[in-house]
Protein chains: 2
Amino acid sequence: MGKTERGRRRHKGVGRVTLGDVAKHAGVAPITVSRVMNNPDQVSEKLRKRVEQAVDALGYVPNLIAGGLASAGTRVIPVIVPSLSILTYIDVIHGIQQTLEDTGYQLLLGSTDFDLDREAALIDTVLGYSPSGIIIAGLRHRERAIQRLEACQRPVVEIMEYGASCIDSNVGVDNAEVGRCMARHLVERGYRRIAYVGSRMDRDYRTIQRYEGHREMLELAGIDGSRLLQNDEAASYKTGGRLFMEAMASYPDLDAIHFTNDNLAAGAILEANRRGIRVPDDIAVAGYLGLPLSECLTPALTTVSVPRFEMGVQAAKFLLARLDGEQGEALRCDIGFELIVRDST
Amino acid sequence: MGKTERGRRRHKGVGRVTLGDVAKHAGVAPITVSRVMNNPDQVSEKLRKRVEQAVDALGYVPNLIAGGLASAGTRVIPVIVPSLSILTYIDVIHGIQQTLEDTGYQLLLGSTDFDLDREAALIDTVLGYSPSGIIIAGLRHRERAIQRLEACQRPVVEIMEYGASCIDSNVGVDNAEVGRCMARHLVERGYRRIAYVGSRMDRDYRTIQRYEGHREMLELAGIDGSRLLQNDEAASYKTGGRLFMEAMASYPDLDAIHFTNDNLAAGAILEANRRGIRVPDDIAVAGYLGLPLSECLTPALTTVSVPRFEMGVQAAKFLLARLDGEQGEALRCDIGFELIVRDST
DNA sequence: CTGTTAGCGCATTCAG
DNA sequence: CTGAATGCGCTAACAG
């Protein structure tokens, strides 16, 4: 008795077991406990065991916040995407998560709703958690955001879009090339009156990049590439069905529709099924993404498949490489895509 | 000259702008800057402006880690789910995210792969970030996990499953009741030889709860409820198609299949479309979830719809209520479900 | 291999 | 309304 109760407790000691408690219990210095938790091989077998027992006995759980403050960094990786309601980003996040989870990093999720100002604010916030690095969708950001990202001296991986210049590392696809690729396929198949159909294209500029590729390729072939139809709904099957009917009404002579994504294209095929419209005989339908549904439809959907999960994995690997000390040049990867020709064209 | 350069810099000062820097620049005490950032109305107009200018001038971004350590809590909400490849959880996370994002909380994402030991470890980890609260899927956890969750003295919301006893708060559905509801529908429709078909049912015990409800209801009606088929693949459309064919082979006299989820059921209908099998004339198909796809199929899928997004929203609201000081009884909410009868039954 | 000392950047308490 | 002093829990640096 005696020296218990230090008598201040100005802050709420909260009662949680601390490193110090464990150290006392094991009869060692706090730093030794710290080492047992973080660098076990720097401690002798004997002390280690003693400490481990104390940890178990007291049910000690490290305060990562304190550790983070002391060592100027937490094992947190913010992932900033435009939306959580779009499957593409979900698959990428899944890939990131799966790759990072066993390395002890935690994902801090942020969504910008396609708003670059919001993105900039979010970047500030998450940087406040002294993350180990950051993964962010897109190559376009506010100037301020880019400055902060560069100033933070931590690995930054920009994903989704592959392009010439990035802040630090980049994994993505060349959207214009995707657009060209599918347009070329349609032309080769003999289609001549082709429309590009999407929804909310202005929100996601990558959609416009694909459209531009599409248009460029058509015009190269001497075909009108300006047929464009879009609306302001979220990309759902229903929206796809509606846009399908609308497109056929707006351009009665149409022989093919190039949709911005598989959700829309699948919705079109489903609508055609319902109405007895024959695809591709009456009209051909093409998509983009390579969603699982695309191959289960009747007719199966021609699409450009993008390895979304793998993109997440690669992004995480780049991050881990940097954290592992890899210096130098930007790590860059064009994750590629694959034209999958099926029955709908 | 003189007192610049304090001459130690043992830790890497990292160079980031700190509260102190801003305070110096504005000629006030650090605490005043702190107040401007956190409780603006406790500071006079004049000082506040001066401080705000300094903040802008230096590009100060608060170190949330330091703040978290000092105040024993960060504005982080861990969300722990079994999987990120299952749409259900994604929708719920989306609801949580949308509700929390404007309140300044960040989601810390964790996935357990349906492993309760992994879950317990993950809980320890995320608790290390001194989160404001925590949202976790399921009502079943390891004893150790429950203890930690109770000991941390922070709001805990258990989601997905609605049940009698929870740690702190609970939002979910009554799975057994869902199973009963659909089974009742099938019986009322006149089906008598009904199979329950799923995949990986042992991984997610909620699936089994639904099956038990299904079986109970059938037996109440004097019908064999033991027809069960499952495999070990992930729930995809393709798996659904395969299970559909397998079920018809295993139970040749079947007149209806009750699938554990819409992915599988949709896959079955898609497979039927391909093969020219008539649903529901040859065999009826029912699902669970209320995925958007379900209503776009031909025939449209009969399903039980669960408000997944709303479940996330409600979970976040419970959390915010607790953080807002709401004490007392467990906050509980049976989010309910809706039987949607369409053409497939 | 182990311990001592100092301080990460901020918010809390208490005083004016 | 403003400021000074103190410590949140842990780890980096430096001895021994």
Side-chain angles (χ1 to χ4, degrees), chain A residues 6-51 55 58 60-75 127-131 152, chain B residues 6-51 55 58 60-75 127-130 132 152:
Chain A
R6 285 167 56 250
R8 283 93 143 249
R9 171 80 66 86
R10 312 190 22 151
H11 288 199
K12 50 191 107 143
V14 189
R16 255 182 73 168
V17 180
T18 73
L19 241 203
D21 298 333
V22 176
K24 230 171 284 172
H25 190 99
V28 298
I31 185 66
T32 301
V33 180
S34 169
R35 287 201 262 254
V36 170
M37 305 298 293
N38 302 316
N39 307 83
D41 22 70
Q42 287 180 20
V43 180
S44 69
E45 182 78 22
K46 185 182 146 195
L47 277 194
R48 197 185 335 158
K49 286 219 165 139
R50 195 134 54 91
V51 169
V55 166
L58 301 183
Y60 170 64
V61 178
N63 181 329
L64 270 16
I65 292 298
L69 181 59
S71 63
T74 55
R75 291 176 78 81
L127 252 25
Y129 287 102
S130 298
C152 78
Chain B
R6 286 171 50 252
R8 284 93 143 248
R9 173 80 66 85
R10 312 190 22 151
H11 288 198
K12 50 190 107 143
V14 189
R16 254 183 73 168
V17 180
T18 73
L19 241 204
D21 297 332
V22 177
K24 229 171 285 170
H25 189 100
V28 298
I31 183 61
T32 301
V33 179
S34 170
R35 287 202 260 253
V36 171
M37 305 298 293
N38 303 317
N39 307 82
D41 23 69
Q42 288 181 20
V43 181
S44 67
E45 183 77 20
K46 186 181 147 193
L47 277 193
R48 195 185 335 158
K49 285 222 166 137
R50 194 134 54 93
V51 169
V55 166
L58 301 182
Y60 170 64
V61 179
N63 182 329
L64 270 16
I65 292 298
L69 181 58
S71 64
T74 56
R75 292 175 78 81
L127 252 24
Y129 287 102
S130 298
S132 297
C152 78

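Residue numbers start from 1 in every chain, and the chains themselves are labelled A, B, ... in the order their sequence lines are given, proteins ahead of strands.
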What distance separates B:His25 NE2 from B:Tyr60 OH, expressed to the nearest 0.5 Å?
14.5 Å

Closest listed nucleotide, where the reference is the side chain of A:Thr18 and the choices are D:dG9, C:dC10, D:dT11:
D:dG9

What I'd like to find out is whether the side chain of A:Val33 reaches to under 4.5 Å of the side chain of A:Pro30, using heavy atoms alone.
no

Compare all side-chain heavy atoms of B:Val28 with those of B:Val51 and state whether any distance is below 4.5 angstrom.
yes

Check whether any side-chain N or O of A:Ser44 sits under 4.0 Å from OP1 or OP2 of C:dT2, and answer yes or no.
yes

Nearest whole Å is fine: how far is D:dT11 C1' from A:Arg75 CZ?
15 Å

Send over the distance from B:Leu69 CG to C:dG7 P, rounded to a whole Å.
17 Å

Winner on side-chain proximity to B:Ile31, out of C:dT2, C:dG9, D:dA4, is D:dA4

Whole-Å gap separating P (C:dG3) and CZ (A:Arg50):
8 Å

Please state how far atom CZ in A:Arg48 lies from atom P in C:dC1, giving the value in whole angstrom units.
9 Å

B:Ala66 has a side chain; which of D:dG3, C:dG9, C:dT2 sits nearest to it?
C:dG9

Shortest side-chain distance from A:Arg35, nucleotide among D:dA4, D:dT11, C:dG3:
C:dG3

To the side chain of B:Ala70, which of D:dT2, D:dT11, C:dA11 is closest?
C:dA11

Pairwise side-chain contact, A:Asn63 with A:Thr18, heavy-atom cut-off 4.5 Å (strictly under)
no

Interatomic distance where CG belongs to A:Leu64 and P belongs to D:dC8 [whole Å]
18 Å

Whole Å only: how far is the CG atom of A:Leu19 from the P atom of C:dG3?
13 Å

Using the side-chain heavy atoms of A:Val43, tell me which of these nucleotides is nearest: C:dT2, C:dC10, C:dG3.
C:dT2

Protein-nucleotide distance (B:Asn63, atom CG; D:dC8, atom P), rounded to Å:
18 Å

Heavy-atom donor-acceptor pair, A:Arg75 side chain to A:Leu64 backbone, under 3.5 Å
no

May I ask you to verify if any side-chain N or O of B:Thr32 is less than 4.0 angstrom from the OP1 or OP2 atom of D:dT2?
no

For A:Tyr129 and C:dG9, give me the distance from atom OH to atom P, rounded to whole Å.
17 Å

